[in-house]
There are 2 protein chains.
Amino acid sequence: MPLVKGRMPNRERILDVALELFNDVGTGPVSTNHIAAGAAISPGNLYYHFRNKEQIIQTLFEGLFEKYERVFVLPERRAPSLADLRQLVRLNFDLLWEYRFAYRELAALLRRDEILRERWLEVRRRGYIGFRYLIAAFVTAGVIAIPANDAVIDRLADLCWLISEFWLPNLEINGQSIDATQLDRGVVLMLQVLNPNLEPAQLSEERPL
Amino acid sequence: MPLVKGRMPNRERILDVALELFNDVGTGPVSTNHIAAGAAISPGNLYYHFRNKEQIIQTLFEGLFEKYERVFVLPERRAPSLADLRQLVRLNFDLLWEYRFAYRELAALLRRDEILRERWLEVRRRGYIGFRYLIAAFVTAGVIAIPANDAVIDRLADLCWLISEFWLPNLEINGQSIDATQLDRGVVLMLQVLNPNLEPAQLSEERPL
DNA sequence: GTCTATATCGCGATAGAC
DNA sequence: GTCTATCGCGATATAGAC
C-alpha cells in the first residue's frame with residue numbers, strides 16, 4: 001500500500017517512506033520490497049536509485065547530520081545564555097525524534113557499517129567541540145555556580161551531552177510518553193547539573209534563564 | 001562451526017551460543033540455523049527447545065533480569081556509603097557488558113516484543129525504587145553536599161540512573177574503548193552530580209569514599 | 001531428545017524490454 | 001527512469017524416523 005501522497009522525485013520518496021517505516025518498525029524487518037511498495041514504485045526501480053538498504057540508511061543519516069550541524073550554532077558577538085542551551089537541547093530532541101529509528105538502533109547500526117561509523121564519529125567530534133565550548137563559555141560568563149577548572153568543565157560537558165543524547169531514548173525505553181513536558185524534564189536535569197545549588201523553583205520553565 | 005566446548009545440556013548451549021553471536025553481530029543477522037550450528041546441533045533440535053528466536057531472546061533477558069536483581073542489594077543495618085554506590089555501578093556495568101547486545105538494540109527489541117517490554121518495565125520499576133531509595137539515604141546520611149528536597153532527590157536519582165544505563169552505550173557509540181579506566185569515568189560523573197562542590201581530586205579513585 | 005528431510009516463503013539483486 | 005520477470009539463496013518451521 002502506497003504511503004506517500006504528494007508529488008516528489010522518486011529518490012526522495014524512497015527516503016521519505018524508508019524513514020517512516022524505519023521509525024515505525026525498525027530497520028531489520030523492513031525490506032527493500034516494503035519500501036518500494038510504500039513509495040508505489042517497483043522493486044527494480046528502487047535498485048536504480050540505491051545500491052541496497054544499507055545505502056538508504058547511510059543517506060538518511062546524511063540528512064540527519066546536515067540538520068544536526070544546523071542545530072549547533074552558537075550566538076556570535078555575545079556571551080551564550082542558559083536560554084541558548086535550552087533552545088539547543090530542544091532542537092536536538094526534535095531531531096532525535098524525527099530520526100528516532102537511528103538512536104533506537106544506533107550502536108548496532110554503527111557496529112555493522114563502517115562507513116556510517118566513520119561519518120558519525122566525524123560529525124559527533126565537531127558537535128562535541130562546540131558543545132564543550134558552550135559549557136566553558138558559561139563558566140567565564142558566570143552563569144555556572146560551581147568551582148570550575150578544566151576537569152570539571154569536561155565533566156559537565158560530558159554530563160550534559162549524555163543527557164542530550166540519551167534522555168529521549170531513556171523516556172522511550174521506560175515506556176513514558178514523548179511530549180514537551182517529559183522532554184523538558186531532560187532540560188531541567190541539565191540545569192540541575194550546571195547549577196546544583198539553585199532553588200528548584202528557579203529551574204522551572206516559568207523563570208526565564 | 002561449533003562454538004561451544006564443554007559438556008552442557010543443549011538448551012543451555014543454545015542460550016550460550018546465542019548470547020555470544022548476538023553480542024558479536026547483533027540479533028538481526030543471526031538466524032536459528034546459525035545458532036544451531038554454533039551449538040553443534042541440528043536446526044530441528046533447536047526448535048524442540050525454543051519456539052523461535054524471539055523466545056531465545058526473551059530467555060536471555062530473563063537471565064539478565066535475574067543477575068540484575070542480585071546487583072541491587074543495599075546494605076542492611078547501616079547507612080549506605082558512596083563506596084556502595086561505586087560498587088553497585090561497577091557491577092551494573094559488568095552486566096551491561098555481558099549482555100551488550102541487549103542495550104545495543106534495547107529500544108528496538110522492546111518495541112517489537114510486548115512480552116519483553118512488560119517484563120522490562122516490571123524489573124526496571126523495582127530497580128529504580130531501590131536506587132531512588134539509595135540516593136535519598138545519601139541525603140539523610142549527609143553524604144551529599146547540596147540542598148535536597150524531594151524534587152532534587154528525584155533529579156539526582158534520574159541523573160545517576162541515566163549514567164548507569166547509558167554511559168557504557170555512550171562509550172561504545174563514540175568509539176572509545178570499554179575498559180576499567182573508561183568505565184570509571186562514568187562513576188566519576190555520578191560523583192560529580194552528587195557532590196558538585198567537591199574538589200576534583202577528591203573524586204578520583206585514590207581517595208576512598 | 002535428536003536427527004534428516006522438506007515445504008514454504010520472502011528477500012536481495014539483476015537482466016532486459018520499454 | 002521505470003517496469004516485469006526471474007534466479008538463487010537462506011530463513012523459519014514442521015513432519016516423521018530413530
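Below, chain A is the first sequence line, B the second, and so on; all start at residue 1. Since this is a predicted model, take the numbers as computed values, not measurements.
Evaluation of the side chain to side chain donor-acceptor pair (under 3.5 Å) rule for Arg117(B) yields no partner, not counting sequence neighbours. The side chain to side chain donor-acceptor pair (under 3.5 Å) check on Glu98(A) picks up Lys67(A), with sequence neighbours excluded. Ser31(B) pairs by the side chain to side chain donor-acceptor pair (under 3.5 Å) definition with His34(B), not counting sequence neighbours. Checked against ring pair (Phe, Tyr, Trp, His ring centres under 6.0 Å), Phe166(B) has the following partners two or more places apart in sequence or in another chain: Phe166(A). Judged as a ring pair (Phe, Tyr, Trp, His ring centres under 6.0 Å), and not counting sequence neighbours, the contacts of Phe72(B) are Tyr68(B). For Ser177(B), the side chain to side chain donor-acceptor pair (under 3.5 Å) criterion is met by Asp179(B), not counting sequence neighbours.
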Determine all donor-acceptor pairs shorter than 3.5 Å in which one atom belongs to a side chain in residues 127-137 of chain A; sequence neighbours excluded.
{"from": "Tyr128(A)", "atom 1": "OH", "to": "Asp158(A)", "atom 2": "OD1", "distance (Å)": "2.6"}
{"from": "Arg132(A)", "atom 1": "NE", "to": "Asp154(A)", "atom 2": "OD1", "distance (Å)": "2.6"}
{"from": "Arg132(A)", "atom 1": "NH2", "to": "Asp154(A)", "atom 2": "OD1", "distance (Å)": "3.1"}

Contact list (N/O, under 3.5 angstrom) for nucleotides 1-5 of chain C vs protein:
{"from": "dG1(C)", "atom 1": "OP2", "to": "Tyr48(B)", "atom 2": "OH", "distance (Å)": "3.3"}
{"from": "dT2(C)", "atom 1": "OP1", "to": "Asn10(B)", "atom 2": "ND2", "distance (Å)": "2.7"}
{"from": "dT2(C)", "atom 1": "OP2", "to": "Asn10(B)", "atom 2": "ND2", "distance (Å)": "3.1"}
{"from": "dT2(C)", "atom 1": "OP2", "to": "His49(B)", "atom 2": "NE2", "distance (Å)": "2.9"}
{"from": "dT2(C)", "atom 1": "O5'", "to": "Asn10(B)", "atom 2": "ND2", "distance (Å)": "3.3"}
{"from": "dT2(C)", "atom 1": "O5'", "to": "Asn45(B)", "atom 2": "ND2", "distance (Å)": "3.1"}
{"from": "dC3(C)", "atom 1": "OP2", "to": "Ser42(B)", "atom 2": "N", "distance (Å)": "2.9"}
{"from": "dC3(C)", "atom 1": "OP2", "to": "Ser42(B)", "atom 2": "OG", "distance (Å)": "3.0"}
{"from": "dC3(C)", "atom 1": "OP2", "to": "Asn45(B)", "atom 2": "ND2", "distance (Å)": "2.9"}

Under 3.5 Å, which N/O atoms of the protein pair with N/O atoms of nucleotides 9-11 of chain D?
{"from": "dA11(D)", "atom 1": "OP1", "to": "His34(B)", "atom 2": "NE2", "distance (Å)": "3.3"}
{"from": "dA11(D)", "atom 1": "O5'", "to": "Ser31(B)", "atom 2": "OG", "distance (Å)": "3.4"}

